[in-house]
Amino acid sequence: MADRVNTAERLEAAAAAAEQYYVASSWTLMRRKFVKHRLAVIAWFVLAILYLAAAFAGFAAPYDRIASRTDFSMAPPTRVRILHEGRLQAPFIYGLTRQRNPETLLMEYQTDPEQRHRIRLFVSGDKYKVLGLVTANKHLFGVEEPGVMFLFGTDQLGRDILSRIIHGARISLSIGLLGVAMSFVLGCMLGGLSGFIGGPVDMAIQRAIEFLQSLPTIPLWMSLAAAIPIDWSPLRRYFLITLILSIIGWTGLARIVRGKILQLREEDYVTAAGVSGATRRNVIVRHMLPNFLGYLIVHLTLEVPGMILGETALSFLGIGLQPPVVSWGVALQQASNIRSVALHPWLLIPALFVVLTVLCFNFVGDGMRDAADPYK
Amino acid sequence: MQTAKWMPVLLGAALLMATSAWASGEGEDTASSDAAMTMGGEYKEAPMLAAMVAAGELPPVDERLPIEPKVLEAIEEIGTYGGTIEVFANANHPWNDLADSPERSQYPLRMNFDGSIEADQAKAYELADDFMTFTLYLREGMKWSNGDDLTAEDFVFVKYQMDDHESIDTWGYPGQVDTVTAIDDYTVQLNFKVPYPRIVLDMLHWRGSDWTVVAPSTWLKQWHIEYNPNADAKAKEEGFDNWAEAFNNHHTFCCPAKDVNKPTLHPWKWKEHTTTVRIWERNPFYYAVDTAGQQLPYIDRIVSQTVNAETYKLKVVAGEADYAGAMTIGDFPLLKQNEETGNYTVKLVPHVNGGDVTYTFVLDNLDPVKRELFNNVDFRRAMSLAIDREEINETVWLGQAVPRQATLNADVSFYKSEWGENHPYNRYAPDEANSMLDALGLDERNRDGLRLMSNGEPMSFTLTYDAGAEGASEQEILTHELVKEDWAAVGVEVNLNPLDSDLIRQVETEGTMDVRATRTSGMEMYDFLSGNGGMLGVGHRGAGRFYSWWGAERGNVPEADRIGEPPPEDLAMLYQLGRADMQSTLFGSQEYRDVRTKIFDLHADKLWTIGVVGMAPYPLVVRNNLGNVPRVLPPWAEAWLTMNYYSNMWYFK
């Protein structure tokens, strides 16, 4: 008896689940499937934190990105401590004293246990503008003056590497999204035209794509970037670099869109919609687009790291963004010598962030690919 | 290391003093006994050459040397033969290392450690009192590296068969030289159009080398139409269009060598030359011997690999280079830390530069408001006061440069510290700078805190620096960034504008440049007559707009080609002083000092060029067992010469 009840309950539950499954929109299903991909979820959160920090860079970064503090040139990463004279304390740091080594002429930093600075939240410091509107001087964390805390060390002009990474994230992370957005528009438009109209238009667009794809990326970027006039403002330069990066980016997308449209054009429900008198526009937007939007999103997610790497590569080669603009590529460019590797390895920390971001985007893309076809 | 005896007679006291700063404790024993000079004028040669003599490929050493060879005193001790020096050339500065001139080369004259000048390739020289004639006495029996005799004809040939031929590429004689005459086989006389005492300095470096004023004429004549009627046919046979093309190809020694077989007078001759590897081997006919009668050089071979700047450092740090000098002060800590494992010694050696970073506000800027401002000495002085030189020196130059105004190197005999370190505006006084700028009517500021000029535009200038291969070093660029901050603090914005050298020259002529950053030896600040000389007010180096006026005055530039406005009066005064220095004063004379003192007094007063730091030393890496490398150098700064390390005396211990 009890067995039968259980079975019935189970059947009911299964039916309910099945019903939920059938009732649920494809978006809900995609989300559910995505959440099952642990790595993708973690990566999602990491990216969210990075983008949040970038959006509120002035607040998240302990220091200004450009102002030099030459008293602390090439200071190594500060160690955060919780033990003082054997006793557990709230996180704090020791003060720094410096001295030039008479032999090597290198500036050497020693910690001074006499000075202790507690790490505080919402500490006052350099002024910045929130989203370019309101001036503020509170920072997420930091130490009170005259203490200094450089979690990732400083560069030659004494600028905090962590702050530069956070400020640089604004450029480096947004260039990926912006570039992909441009690719998206170009790709959908040209791919859609190619697939829908066909004939000579299709022919022309496809040959153009093949031509662009056959060009070696880096030399093409380099020659285009080198053509940007040197006296252009950093902002104009930024947009142009984004445009350059998306010149190749759209081609893959256009291929996918075209392929999908060619395939879906022959489907029964599209024919049905057409027969029922739906306009051409409605057929595409209401019936065809939702069917391959998932693929598009996956493709775009996987495209973002390419853009980020592209910007980093160009700036690293010295032809992308230029100082005083701070991006990860610019930061790495300044570290691109054997001296940095041998004596000041912390200058290379921005590279870790590039790796982290690219990995995260790949994981998220992976999760999305699994989720993109929720009915399987 | 071999046993050796001390030979005090051979080492001049001055020499000892000069080298004792470096010489190691055991450096007192010198001169191997088996290398002692044999009486009767018999000379010794390298085993490598002795073998060739024995095989009949070379005449004996006594026949290869001139009748009176140049006898060179050892810098530390008399050396022994053999070995290959392995060096690297920085692809950005391929001419800046041992691999090429000047360190590898020798010239008609040489400068000693006490600053005196003596004959080297030549036996003697003579400059007439009116500076209109210069005579070189050659060494009888001296030979080119292929065995051809060196005669006066080799000098005359350059002047009349190369310089005067339009189709032949040549660096040639300075423009002041009128005629070159062979008095006899071993006497050459140069007559000048104008008094030209500087010929003595020219003969100390590349301007007097065997690719400028003297050439192996016997060898070259086979491609010259005047001497070989079949030269055109010969050229075609070799794949050239005409005889001049073939001639150029065979005689071009430099940058890069086209024909490695071209005879030379230098201690080593070409063996191989590709874009990545260059090899030189000893010149069997080299004209100099040491005091023990051994024919120089000691080292058999130089092998130089061209690598990029970062690989260069890696190779040096790994101990793969016997000698390395093409690095900057910033590389010193890394080099020092790896001294032991790399088996080398790194020292900071003084540089001839008087200013490592200097700024010139371009006086003939096309914008009338900017031009008026830049021509105001108070503006320039205020901008000088706004720079925190100590901070820059500590942060960027490892504290090793000297915060100073742009002027001559302090080693120069007539140097005044008020020109450089103690210049009245060589201070950091931002408040004073602010009030000076306020007093100039620049007291209004915009929202960003920038001062407004009389036309209401914010004070925002471009600061142009050379980003080419030989351009600004990392230290220079960091200095620009710090100066940018310092100037921003007094309400003046500069935007860094890295340009390639060719573009800079173009912009200079256009008159659109605001601030020009350069490094200077000090020489560029008055040397208006030499091609690369001082273009004050239009930045250094290259043809600026004022230059066209001065060129027209001298008749070098057609009147119609003058650009812009005539130079301001005080600058014209500087120009006249510079000309006087060139034409009538002999290097080292009292008159020469007086004229130059006036020139630099004027500079200090007018502050056309603002200096930040200067005299930054640079690291020199020398393999521990490489002997006779001078660590105290002749006063090159005075003569504005690139340093010569006398590598013909180097040897492996």
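Letters A, B, ... mirror the listed sequences (proteins, then strands); counts begin at 1.
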Pick from [options] with the largest number of heavy-atom pairs that fall under 4.5 Å of chain A:
options                                : answer
B:Thr462, B:Leu334, B:Leu398           : B:Leu398
B:Val317, B:Ile392, B:Leu482, B:Ile329 : B:Leu482
B:Asp388, B:Leu478, B:Val396           : B:Leu478

Query - Check ion pair B:Glu394-A:Arg100 (N to O, under 4.0 angstrom) - result: yes

Query raised in the report: Salt bridge check: are B:Glu310 and B:Lys313 linked by an N-O gap of less than 4.0 Å?
Result: yes

Query raised in the report: Name the one of A:Leu348, A:Ile349, A:Leu347 that satisfies side chain to side chain contact (heavy atoms under 4.5 Å, CB included) with A:Phe152?
Result: A:Ile349

Query raised in the report: So what's closer than 4.5 Å to chain B heavy atoms on A:Met74: side chain, backbone, both or neither?
Result: neither

Query raised in the report: Checking A:Leu343 against chain B: side chain, backbone, both or neither under 4.5 Å from a heavy atom?
Result: side chain

Sort [X] into side chain, backbone, both or neither according to what part of it lies under 4.5 angstrom from a heavy atom of chain A.
X        : value
B:Leu348 : side chain
B:Leu496 : neither
B:Asn495 : neither

Query - Pairwise distance CD1(A:Ile308) to OG(A:Ser174) - rounded to 0.5 angstrom - result: 9.0 Å

Report summary line: With chain B, the option among A:Asn101, A:Leu157, A:Leu105 that has the most non-hydrogen atom pairs under 4.5 Å is A:Leu105

Report task. Count the heavy atoms of every other residue, nucleotide or ligand shown that sit under 6.0 Å from CD of A:Gln115, and state whether that count exceeds 12. Result -> yes

Report task. I would like to know whether B:Glu339 and B:Lys336 meet salt bridge (charged side-chain N to carboxylate O under 4.0 Å, His left out); could you show each step before the answer? Result -> CA-CA 5 Å; B:Glu339 214 175 25; B:Lys336 188 76 190 169; 3.3 Å; yes

Report summary line: All heavy atoms of B:Glu485 vs all of A:Ser68, minimum pair found to be OE1-OG, 2.6 Å

